[in-house]
K.L.:
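Here it is: the structure, laid out below.
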Amino acid sequence: ALAGLQEAITVDVCFPNRSSDDEPLGPNLWKFLPEGQVGANGRHIKFDSCTSDTINGKKYVKEIYELAGIHDQKSVPILFDKKTNTVVSNESAEILRMFGTSMRHLGTA
């Protein structure tokens, strides 16, 4: 586990394809879709690594940003503080630095 942080940090994984034009919140949004979806070729596509949003129960990443009061973001990854409902960062390099520095005290390694 990354820096022994498995007790402090959970990981949810989006479906590796964005939403389409006909979805309720619109196109090009990352979503949690562990059950998979039917692709453009008519075949069902599912990835075992995809999860649901285990913290907030949201379907779209955009909804997580909105919980934090951010209405103009929809990107991944997200480091989300579940105690304060705050997006801490959405920059992958910055998140990795935090794991090794400011969050080190939370780890078990």
Side-chain angles (χ1 to χ4, degrees):
L2 186 63
L5 293 168
Q6 65 273 15
E7 298 300 320
I9 297 173
T10 58
V11 176
D12 294 332
V13 180
C14 292
F15 190 76
N17 194 15
R18 297 183 193 195
S19 61
S20 60
D21 291 335
D22 61 346
E23 295 199 38
L25 293 183
N28 297 319
L29 300 175
W30 291 109
K31 57 188 172 179
F32 298 97
L33 206 59
E35 68 277 9
Q37 72 179 23
V38 175
N41 63 2
R43 296 174 60 190
H44 186 262
I45 302 165
K46 182 177 189 268
F47 296 91
D48 292 336
S49 59
C50 296
T51 67
S52 59
D53 170 13
T54 60
I55 302 301
N56 301 298
K58 300 299 182 187
K59 181 174 180 178
Y60 297 93
V61 167
K62 177 182 178 178
E63 295 174 298
I64 297 170
Y65 279 104
E66 290 172 350
L67 275 176
I70 301 168
H71 299 282
D72 61 345
Q73 283 290 330
K74 56 186 177 184
S75 62
V76 292
I78 302 173
L79 180 59
F80 183 81
D81 185 327
K82 57 189 172 186
K83 289 184 180 179
T84 63
N85 283 339
T86 302
V87 173
V88 177
S89 180
N90 64 358
E91 167 52 48
S92 58
E94 183 178 313
I95 292 169
L96 287 174
R97 273 191 300 277
M98 287 181 201
F99 287 167
T101 58
S102 61
M103 293 184 196
R104 179 167 279 176
H105 71 282
L106 301 172
T108 58

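Here, residue 1 is the first one in the sequence, and each next residue gets the next number. All values below were derived from every heavy atom in this structure, side-chain atoms included, with hydrogens, water molecules and symmetry-related copies excluded.
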K.L.:
Hydrogens and angles aside, do Asp81 and Thr86 bring a side-chain donor and acceptor to less than 3.5 Å of each other?
P.N.:
no
K.L.:
Give me the atom names and distance for the closest heavy-atom approach of Ser19 to Gly26.
P.N.:
OG-O, 2.6 Å
K.L.:
Rounded to the nearest 0.5 Å, how far does CG of Leu25 lie from NZ of Lys58?
P.N.:
10.0 Å
K.L.:
For Tyr60 and Leu29, work out which heavy atoms get closest and say how close.
P.N.:
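Nearest heavy atoms, Tyr60 then Leu29: CD2-CB, 3.9 Å.
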K.L.:
So if you build clusters from Ile, Leu, Val, Met, Phe, Trp, Tyr with side-chain heavy-atom gaps below 4.5 Å, do Leu96 and Ile9 land together?
P.N.:
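Shared cluster, yes.
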K.L.:
Can you tell me how far the CD atom of Glu23 sits from the CZ atom of Arg18, to the nearest 0.5 Å?
P.N.:
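Rounded to the nearest 0.5 Å, the CD-CZ separation comes to 12.5 Å.
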K.L.:
At their closest point, which heavy atom of Tyr65 faces which heavy atom of Ser75, and how far apart are they?
P.N.:
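Tyr65 and Ser75 have their closest heavy atoms at OH-O, 2.8 Å.
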K.L.:
As a test of understanding, state which of Leu79, Ile78, Leu67 forms a side-chain contact (heavy atoms from CB on, under 4.5 Å) with Val87.
P.N.:
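For Val87, the side-chain contact (heavy atoms from CB on, under 4.5 Å) check succeeds only for Ile78.
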K.L.:
How far does NZ of Lys59 sit from SG of Cys14, to the nearest 0.5 angstrom?
P.N.:
12.5 Å
K.L.:
If you define the side chain from C-beta out and look only at heavy atoms, does anything of Val13 sit under 4.5 Å from Phe32?
P.N.:
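No. Closest side-chain heavy atoms not under 4.5 Å.
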K.L.:
Give me the atom names and distance for the closest heavy-atom approach of Pro77 to Ile95.
P.N.:
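Smallest heavy-atom distance, with atoms named: CG-CD1, 4.1 Å.
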K.L.:
Quick check on the hydrophobic clustering: are Val11 and Leu33 connected, directly or via other members, by side-chain heavy-atom contacts under 4.5 Å?
P.N.:
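As far as the 4.5 Å side-chain criterion goes, Leu33 and Val11 are not connected within one cluster.
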K.L.:
Supply the atom-to-atom distance Asn90 CG to Gln73 CD, rounded to the nearest 0.5 angstrom.
P.N.:
5.0 Å
K.L.:
Please list all pairs passing the side-chain hydrogen bond (donor to acceptor under 3.5 Å, both in side chains) test where one or both residues lie in residues 37-50, with sequence neighbours left out.
P.N.:
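Matches after skipping sequence neighbours: Lys31-Gln37.
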K.L.:
Do Pro16 and Cys50 touch side chain to side chain, with heavy atoms closer than 4.5 Å?
P.N.:
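Side-chain contact under 4.5 Å: yes.
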K.L.:
How about Val88 and Met98: do any of their side-chain heavy atoms sit closer than 4.5 Å?
P.N.:
yes
K.L.:
Atom CG in Asp72, atom NZ in Lys62: separation rounded to 0.5 Å?
P.N.:
10.0 Å
K.L.:
Atom CZ of Phe47 and atom CG of Asn17: how far apart are they, to the nearest 0.5 Å?
P.N.:
8.0 Å
K.L.:
What heavy-atom pair brings Thr10 and Lys82 nearest, and what distance separates the two atoms?
P.N.:
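That closest heavy-atom pairing would be CG2-NZ, 4.0 Å.
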K.L.:
Kindly indicate, with the supporting measurements, whether the criterion side-chain contact (heavy atoms from CB on, under 4.5 Å) is fulfilled by Asp53 and Glu63.
P.N.:
CA-CA 11 Å; Asp53 170 13; Glu63 295 174 298; over 6 Å; no
K.L.:
Could you check whether any side-chain heavy atom of Asn85 comes within less than 4.5 Å of a side-chain heavy atom of Asn56, counting everything from C-beta outward?
P.N.:
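They are in contact (side-chain heavy atoms under 4.5 Å apart), so the answer is yes.
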K.L.:
Locate the shortest heavy-atom distance separating Val61 from Val76; write the atom from each residue and the value.
P.N.:
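Looking at all heavy atoms of both residues, the shortest contact is CG2-CG1, 3.7 Å.
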